[in-house]
Amino acid sequence: MKRDATFLTLAALVTAGLTMRPLLTSVSTQLPYLQHALALDATASSLLAALPMLMMGISACAGSALLRRYSARSLLLPGLLLLLTGTALRQWMSSGELLLATAALGGVGIGLVQMAMPGALRQRFGQRTPAVTGLWSGALMGGGGLGAALTPWLSSHVGWRIALSGWSLLILLALALWTMVRLPAPRAVAHTTAGSPVRETPLYRIPRAWALALSFGLVNGTYASLIAWLPDALIAIGWTAQRSGTLLALMIAAQVGGALGLPLLARGQDRRPLLLLCLACQAIGLSGFLFAPLAAPWLWASVAGVGLGGAFPLTLVLALDHLSLPARAARLVAFVQGIGFCAAGAMPFIAGQLRIITGSLNAAWGLHLVIVCLLMALNLRFHPKSYAQAFASPTQRQS
């Protein structure tokens, strides 16, 4: 019975993960056609990737308050329902404004699911959380690859509206599976020796919480910019939508490999060596797109994908590592994702504006390369010995 429950949870986990990115990647491969059919201008096109990320961040920012009142599972279901609504509505798109509205609605749903999932995994899998978080991240990125690879093919056979809205069928399956999943109750909050609850310092007052959020957000900002603009950049130099979508799918396939493989290499609690490896891979890929984009685009996409894929679960596990209580760790991850996705959402918009100003994406790739180098310096601060001190109360620091 326990094995069956674990299998059901993993099946629901993977299916939900597959639904998290087609909202973004299906649009990016169809951008030239959408610009023509819906009269999208350059600013609206930039918002297509930025708006879902921003809404992910806003909904995750409410996560700490929501997780105090509701279970992780009870937040997953409405999140999937909102994503289902936003995706299905794309069947009836008639304007750029409606497309942006579906992106915003779907982004809120994705934000709720992504905010609740790490805490749910910590409750259900305990010490196996890093490996299962890698599976979640791999499914999430794999769904993005499916969106990039299959949407151009679907569009050529059934039209772009059905190609964009048809992903709602997968979301329906995820909803059905999660209605059958049961999670263990979270551990109670810690108590002092006198028996009264420990008073937590608000996360927004803790510098380490902001550092973790910044690291998570800027890594995802690089992902968002590549998802939003790499296909369009390739189409601009003569590639077909199908070929550019295939390259994007390859990058995402490499992300899946990084997300699944790199967390399994983690030993102990020091995540820094693997995080630095991930950031180095991102730097190599971005340097390739900046300085020699046509020399080996498939290589640049693959190397960058491994780095982006590995960094996503590792940054989440790093946040979970800082706190031992699952409920409090879940609230920290909600804060990290809330602030992080707001920062990430700004990056594809900034990249789009740089493209308008300079006429190419070189300035955007250069900006992300500088950011990756700064992240290397930031991540060196996350030594395991600093975890307890970073989140200790003022009284605990003095003792």
Side-chain angles (χ1 to χ4, degrees), residues 53-70 72 75 111-123 129-130 133 137 186-187 189-190 197-222 269-272 274-276 278-279 311-347 371 374-399:
M53 286 281 187
L54 180 61
M55 300 312 295
M56 289 179 209
I58 291 173
S59 57
C61 280
S64 290
L66 290 172
L67 286 169
R68 290 179 187 274
R69 299 186 61 183
Y70 304 102
L75 294 173
L112 285 175
V113 175
Q114 292 183 155
M115 175 269 297
M117 190 64 76
L121 298 184
R122 184 73 173 267
Q123 283 176 233
T129 298
T133 302
S137 303
R187 286 164 51 192
V189 69
V198 174
R199 185 173 182 179
E200 297 179 8
T201 303
L203 291 172
Y204 66 85
R205 295 183 178 177
I206 300 176
R208 176 59 59 86
W210 285 96
L212 292 167
L214 184 63
S215 178
F216 177 83
L218 293 178
V219 165
N220 279 279
T222 300
Q269 279 198 318
D270 195 348
R271 314 297 177 193
R272 293 177 302 168
L274 286 177
L275 280 168
L276 291 175
C278 291
L279 292 168
F312 184 87
L314 286 169
T315 51
L316 289 179
V317 171
L318 176 67
L320 289 169
D321 285 343
H322 274 73
L323 295 167
S324 59
L325 285 174
R328 195 178 180 208
R331 291 194 289 273
L332 172 60
V333 171
F335 177 86
V336 166
Q337 291 192 86
I339 301 301
F341 278 123
C342 286
M347 298 313 298
I371 288 172
L374 293 175
L375 284 175
M376 290 181 179
L378 176 62
N379 276 270
L380 287 173
R381 299 180 56 195
F382 300 144
H383 192 285
K385 292 182 179 179
S386 69
Y387 294 172
Q389 184 68 15
F391 284 90
S393 67
T395 303
Q396 291 172 320
R397 292 193 192 102
Q398 292 169 7
S399 61

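Each residue takes its place number in the sequence, starting with 1.
Of all heavy-atom pairs spanning A344 and G217, the tightest one is CB-O, 3.4 Å. Among all heavy-atom pairs drawn from A209 and V336, the shortest one is O-CG2, 4.3 Å. Closest heavy-atom contact between A116 and L75: CB-CB, 4.1 Å. Residues F312 and S137 come closest through the heavy atom pair CD2-OG, 3.2 Å. Nearest heavy-atom pair across C278 and A311 is SG-N, 3.6 Å. Nearest heavy atom pair, residue R381 against residue S386, reads O-OG, 3.8 Å.
One distance of note links CG of L274 with CG of L279; it measures 11.0 Å at 0.5 Å rounding. Atom OG1 of T315 sits about 10.0 Å away from atom CG of L375, to the nearest 0.5 Å. Summarising the geometry, atom CG belonging to L378 is positioned 8.5 Å from atom CG belonging to L218; distances are rounded to the nearest 0.5 Å. Distance check: L214 CG to I371 CD1 gives 9.0 Å after rounding to the nearest 0.5 Å. Residue R272 holds its CZ atom at 10.0 Å from CG of L318, rounded to the nearest 0.5 Å. Put simply, CG on L314 and OG on S215 are 10.0 Å apart, with the number rounded to the nearest 0.5 Å.
Ring pair W210/F335 is perpendicular by interplanar angle, where above 60° counts as perpendicular and below 30° as parallel. The aromatic rings of Y387 and H322 are tilted relative to each other, their planes meeting at an angle between 30° and 60°.
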Residues L212, L332; criterion side-chain contact (heavy atoms from CB on, under 4.5 Å); working and verdict
CA-CA 9 Å; L212 292 167; L332 172 60; 4.3 Å; yes

Under the side-chain contact (heavy atoms from CB on, under 4.5 Å) rule, what do F382 and D321 come out as? Steps first, then yes or no, please.
CA-CA 11 Å; F382 300 144; D321 285 343; over 6 Å; no

Test F391 against L203 for side-chain contact (heavy atoms from CB on, under 4.5 Å), laying out the working first.
CA-CA 9 Å; F391 284 90; L203 291 172; 3.9 Å; yes

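Between the side chain of Q337 and the main chain of Q114, a donor-acceptor pair closer than 3.5 Å is present.
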